[in-house]
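Here is how names work: the chains are called A, B, and so on, in the same order as the sequence lines, proteins then strands, and each is numbered from 1. No hydrogens, no waters, no symmetry mates; every other heavy atom, side chains included, goes into these values. Just so you know, these numbers come straight off a predicted model, no measurement behind them.
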Number of protein chains: 2
Amino acid sequence: MSIPNTIKRQARPTHPGEMLREDFLPDFKLTVSGLAMALGVSRQTINELVHERRAVSPEMAIRLSRLFGNTPEFWLNAQRAVDLWDANQTITNVEKITPLKFA
Amino acid sequence: MSIPNTIKRQARPTHPGEMLREDFLPDFKLTVSGLAMALGVSRQTINELVHERRAVSPEMAIRLSRLFGNTPEFWLNAQRAVDLWDANQTITNVEKITPLKFA
DNA sequence: GGATGTTGACATGTGTCACGTGACACAATA
DNA sequence: TATTGTGTCACGTGACACATGTCAACATCC
């Protein structure tokens, strides 16, 4: 049984950068520089990504999925979960929005 | 049977702004200004959204889902489909990325 | 018919962010 | 010693979400 999705998760979801750092880099025996070269992006980009200071862009998701043999959605799902969690922390005045019924 | 996801869709997916314009605004009898007020954002924001000149941000997805009684994921899924399609059109040098095997 | 208000569009400005390049210091290793 | 990897900084550029202000067109009401 899963947790009903009406219950908000308290902990911030796993950032895709953490997945890279903890799982993908070790599993594929890759370094930050190696991954950057393999993807055709700058070292800086990967460095900031694995340190969770940057989000996975759609382009980056395509590149990662191509290299690791998964889907862009895999990466963007993880990213979206984080984005949504962050937005929920910072959003204001949502409570003023009254749910609507069909007219 | 669904289409294998290895086959690329040719047409650009439906932009969330089109959904708003074609479905939600008429169904809920809302104007651009009315929606803006209901969501607590500027008229300009909604105007650009329904004209598909702006993307649905995570914050906006939360607001929309709260007003219309659906989920943020509903809006962000639609947005992501568009983003991914666009990225696939503009991305370069992906073919240079060689798929990896486990080390 | 004129005042008022609502709507949609445009311009402008601001802040954020992904990305690149180049440089530096420090480690570990060949 | 020379090389390679890492983390970090300083730039700059282009996109883009958002607010504010303005304006013309249109409706509505007195």
Side-chain angles (χ1 to χ4, degrees), chain A residues 15-18 20-22 24-26 28-65 67 72 75-76 78-80 82-94 96-97, chain B residues 15-18 20-22 24-26 28-65 72 75-76 78-80 82-94 96-97 103:
Chain A
H15 192 284
E18 184 182 335
L20 274 177
R21 174 167 34 87
E22 304 286 335
F24 285 85
L25 289 191
F28 288 87
K29 300 264 187 295
L30 277 171
T31 65
V32 168
S33 307
L35 178 56
M37 275 196 305
L39 293 177
V41 300
S42 77
R43 201 165 56 92
Q44 193 67 307
T45 293
I46 301 303
N47 192 32
E48 295 190 14
L49 197 49
V50 301
H51 285 91
E52 309 180 21
R53 286 192 280 263
R54 190 185 297 191
V56 171
S57 66
E59 269 217 18
M60 189 63 62
I62 292 174
R63 297 186 184 276
L64 288 170
S65 68
L67 187 72
W75 296 101
L76 291 180
Q79 184 59 56
R80 187 181 63 187
V82 175
D83 291 344
L84 218 39
W85 191 91
D86 289 346
N88 264 310
Q89 311 303 308
T90 58
I91 201 171
T92 55
N93 293 336
V94 221
K96 294 185 184 168
I97 301 178
Chain B
H15 192 285
E18 183 182 335
L20 275 178
R21 174 166 35 86
E22 304 286 335
F24 286 84
L25 289 191
F28 288 87
K29 302 261 187 296
L30 277 172
T31 65
V32 168
S33 308
L35 178 56
M37 274 195 306
L39 293 177
V41 299
S42 76
R43 273 191 310 138
Q44 191 66 325
T45 292
I46 302 303
N47 194 30
E48 296 191 12
L49 197 49
V50 302
H51 285 90
E52 308 179 22
R53 287 192 282 263
R54 189 186 297 192
V56 170
S57 65
E59 269 216 18
M60 189 62 63
I62 293 173
R63 296 185 184 277
L64 289 169
S65 68
W75 297 101
L76 292 180
Q79 184 59 57
R80 186 180 64 184
V82 175
D83 291 344
L84 217 40
W85 191 90
D86 288 347
N88 264 311
Q89 310 304 308
T90 57
I91 201 173
T92 56
N93 293 336
V94 221
K96 295 185 186 168
I97 301 177

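Residue A:Leu30 contributes atom CG, which lies 11 Å from atom P of D:dG5 at whole-angstrom precision. One can place CG of A:Leu39 at 14 Å from C1' of C:dC19, the figure rounded to the nearest angstrom. Per the geometry, CZ belonging to B:Arg54 stands 9 Å off C1' belonging to D:dA19, to the nearest Å. Here C:dC19 presents its C1' atom at 8 Å from CE of A:Met60, a figure rounded to the nearest Å. Look at CG on B:Leu49: it is 13 Å from C1' on D:dC16, rounded to the nearest Å. With rounding to whole Å, A:Leu25 atom CG is found 13 Å from D:dG5 atom C1'. Straight-line distance from the NE2 atom of B:His51 to the C1' atom of C:dT7: 11 Å, rounded to whole Å.
Put simply, B:Thr31 has no side-chain N or O that comes within less than 4.0 Å of OP1 or OP2 on C:dT6. Residue A:Ser33 places no side-chain N or O under 4.0 Å from the OP1 or OP2 atom of D:dT4. OP1 and OP2 of C:dC17 both lie 4.0 Å or more from every side-chain N or O belonging to A:Ser57. Within the 4.0 Å cut-off from OP1 or OP2 of C:dG8, not a single side-chain nitrogen or oxygen of B:Asn47 is found.
A:Gln79 places a side-chain N or O within donor-acceptor distance of the main-chain N or O of A:Val56, the cut-off being under 3.5 Å. The closest donor-acceptor contact from the side chain of B:His15 to the backbone of B:Gly17 lies under 3.5 Å.
Side-chain contact between B:Thr45 and B:Met60 is present, with heavy atoms from C-beta onward closer than 4.5 Å. The shortest distance between side-chain heavy atoms of B:Leu49 and B:Leu35 does not fall below 4.5 Å.
At a cut-off of 3.5 angstrom, the base of C:dC19 holds no donor-acceptor pair with the side chain of A:Glu48. One donor-acceptor pair, N or O on each side, does fall under 3.5 Å between the base of C:dG8 and the side chain of B:Arg43.
When each of A:Glu59 and B:Met37 is assigned the nucleotide of DNA chain C with its nearest heavy atom, B:Met37 is the one assigned upstream, toward the 5' end.
Across all strands, A:Thr45 comes closer than 4.0 Å only to sugar-phosphate atoms, never to a base (heavy-atom distances).
Remark: A:Ser33 OG to A:Arg43 CZ distance equals 5.0 Å, nearest 0.5 Å.
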